[in-house]
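Down below is the structure, laid out as structure tokens.
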Amino acid sequence: MSAALLSVRDLSVTFTTYGQTNAVLHGVCLDIPAHSQVALVGESGSGKSVTMKAIMGLLRQPPATITAGRIFYDGRDLLTMPDRERLKLRGTAMSMIFQDPMSSLNPVFTVGDQMGTILKYADRRLGRSRSRRERLARVHEVLAQVHMREPERVASSYPIMLSGGMRQRVLIAMALLSEPKLLIADEPGTALDVTTQAQILKLLKDLVTERGLALLMITHNLGVVRETCGYVYVMNKGNIVEHGPTAGLFAAPREDYTRALIAAVPRLTGGTRFGRQNEVRP
Amino acid sequence: MTRPMLEIADLSKSFPVRNAFGRTVGEVKAVDRVSLRIERGCVYGLAGESGSGKSTIARMIMGLTPPTAGDIIIDGESVVGRGGRSGVKAQMVFQNPGSSLNPRRTVGQSLSVPLAAHGHPRDDRQRRIGELLEMVQLPADFSQRFPHELSGGQKQRVAIARALAVAPKLLVLDEPTSALDVSVQAKVIDLLVDLGRRLDLTFLFISHDLSLMRNFAQEVGVLYRGRIVEAGDTARVFENPQHDYTRLLLASVPVISEEEERLRPAIPLIDGEIPTAEKLLALRQGAAGTETTTEVHGS
């Protein structure tokens with residue numbers, strides 16, 4: 001599968017804590033073709049965040065050990081390339097949108113300062129340079145792209161001066177700063193109200209399709225998967241249980257786990273049966 | 001006509017807004033003349049986003065916050081002005097079981113607190129604790145465990161057992177499953193439905209999760225900025241929402257099937273974006289500014 005922008009092959013990860021070794025990922029395979037939106041869905045403890053961290057190179061080793069597998073980005077193996085090379089890709093070719101807007105922003109610097117710093121170091125890694133003023137102009141430009149009405153005012157604000165939805169937009173803007181090809185979103189909008197979450201998801205979808213970006217959406221919410229991604233991988237206990245086009249997989253899941261998971265999701269149309277204790281739950 | 005389990009009439013709560021010198025310069029109406037009634041054995045869903053006043057209503061029912069005006073009648077008795085004594089009739093289950101259980105107490109100790117407070121005979125407490133754990137389908141030896149040894153779903157079961165300790169008639173559930181995985185959530189709701197039937201309980205279910213509410217509550221009230229903007233039979237409100245805020249909420253729910261998508265109302269987009277509640281309501285009142293409304297979001 002050389003066509004995929006990102007390709008994870010047989011990835012196995014173990015964690016060693018207090019002298020005990022536990023296998024966390026068991027040969028995970030997934031492919032993200034260029035310009036496509038793919039979701040990785042699973043419940044807590046399924047290994048979706050570990051997979052994401054392994055892709056971004058954020059796994060702390062130890063306690064984690066990557067025991068087997070390869071991760072290809074654009075045909076190059078991320079796990080065997082020199083650290084300097086990998087650093088050049090991180091935050092520039094592939095970047096992340098984090099979940100919790102409040103804890104991912106530094107409260108003592110303005111949004112513009114933080115974004116400027118990110119841009120400065122991204123430029124340095126790529127051997128580019130631009131002046132302070134050019135950087136600020138780029139920050140304003142990106143803030144406008146995430147539909148901020150007054151980018152100048154937002155850039156000079158501290159995080160606490162912004163609402164939750166605006167902070168999430170700032171995080172999206174940060175990820176877009178150096179025009180990555182692959183965005184990895186970790187549960188964006190889950191900390192927000194449902195109407196704000198809908199706005200954020202629509203914005204993300206529009207940005208990704210307009211620019212032809214690839215998106216890996218990490219989430220536990222099956223509804224979010226269907227709203228944003230055409231293809232889905234379902235994960236449980238460190239294994240990919242099932243994958244396929246979202247609409248088809250949700251309509252006719254093949255595996256027992258997926259079936260039980262989908263049955264547990266309450267439907268807006270009603271008809272989800274509760275109170276039958278003996279029913280199979282995942 | 002039977003007596004409702006809970007009746008709230010014109011309930012209001014305002015909080016003073018103070019300036020830097022501590023002088024009151026205004027007030028925020030957190031809850032604004034809310035009225036609702038819940039029949040015995042029913043599940044009433046109170047839907048709203050953050051800041052809508054839903055938790056303030058719960059706190060007033062439980063006597064944790066005194067109302068500014070209005071009355072709360074639980075099973076025929078007014079609980080307003082009784083110094084936080086909604087007594088044994090109403091109990092509450094909180095959102096985050098991780099922080100509502102004392103980490104230094106075993107499950108058994110946590111469960112014995114309400115028993116002691118309500119004068120349950122000391123020599124019978126162990127038996128009652130075993131009974132409560134069985135009700136929430138936990139093994140009896142869990143009474144020796146500490147909260148950190150339990151999973152999220154197990155902790156929430158303990159919180160439910162604690163609420164049931166004094167045999168209440170009304171349970172106020174404040175987002176009881178929002179911290180849980182969907183499969184665990186389903187099991188906790190299974191348990192609540194089952195307990196409701198067995199113990200003849202009435203539920204006030206407070207949540208922002210409309211899909212869950214559709215399947216759990218028979219009646220719903222939609223709260224926006226301290227006011228109930230729409231209320232009624234769950235199926236009717238969901239299938240034929242009358243208020244724009246209800247429509248916006250429903251249109252925002254991420255769904256997993258086409259049938260659900262068809263149920264979602266269409267919402268006009270403002271400048272290509274899903275509007276905020278304020279903007280949508282302003283638009284409908286004809287007070288829109290220079291924004292252009294174009295496409296329609298929804299089914």
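Note on naming: letters A, B, ... go to the chains in the order of the sequence lines (proteins, then strands), and numbering restarts at 1 for each one.
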| field | B:Lys187 with B:Asp190: basic N within carboxylate O range, under 4.0 Å | value | no
Cut-off 4.5 Å, heavy atoms of chain B, and the answer for A:Leu192 is neither
| Going by an N to O cut-off under 4.0 Å, is there a salt bridge joining A:Arg138 and A:Glu141? | yes
Q: Look at the rings of B:His148 and B:Phe146 and say which category their plane angle falls in: under 30° parallel, 30 to 60° tilted, over 60° perpendicular.
A: parallel
A:Leu171 and A:Leu105 have their tightest heavy-atom pair at CD2-CD2, 3.8 Å
Test item: A:Asn221 side-chain N/O and A:Gly223 main-chain N/O as donor-acceptor pair under 3.5 Å: yes
Bottom line for B:Thr276: the part with an atom under 4.5 Å from chain A's heavy atoms is both
Of all heavy-atom pairs linking B:Val255 and A:Glu227, the shortest is N-OE2, 3.4 Å
Taking a cut-off of under 4.5 angstrom between non-hydrogen atoms, the residues of residues 43-57 of chain B near chain A are B:Glu49, B:Ser50
Residues of residues 217-228 of chain B with a heavy atom under 4.5 Å from any heavy atom of chain A, in residue-number order, are none
Turns out that what part of B:Glu258 lies under 4.5 Å from chain A's heavy atoms comes down to both
Using a distance-only test with no angle check, is there a side-chain donor-acceptor pair under 3.5 angstrom linking B:Gln95 and B:Ser178?
yes
To the nearest 0.5 Å, atom CD of B:Glu239 lies from atom OG1 of A:Thr269 at 8.5 Å
Under 4.5 Å to a heavy atom of chain A? For B:Leu250 that would be both
Note: vs chain A, highest number of non-hydrogen pairs under 4.5 angstrom among B:Leu249, B:Thr234, B:Leu212 is B:Leu212
Notebook entry, point to check: Taking the inter-plane angle between the rings of A:His243 and A:Tyr233 on a 0 to 90° scale, is it parallel (under 30°), tilted (30 to 60°) or perpendicular (over 60°)?
Noted result: parallel
Heavy-atom nearest pair, B:Val188 first then B:Gly153, reads CG2-O, 4.5 Å
### Message
I'd like to know if B:Glu260 and B:Arg264 make a salt bridge, using a cut-off of under 4.0 Å between side-chain N and carboxylate O.
### Response
no
For A:Gln145 and A:Arg211, which I'm curious about, is there any donor-acceptor pair between the side chains at under 3.5 Å? yes
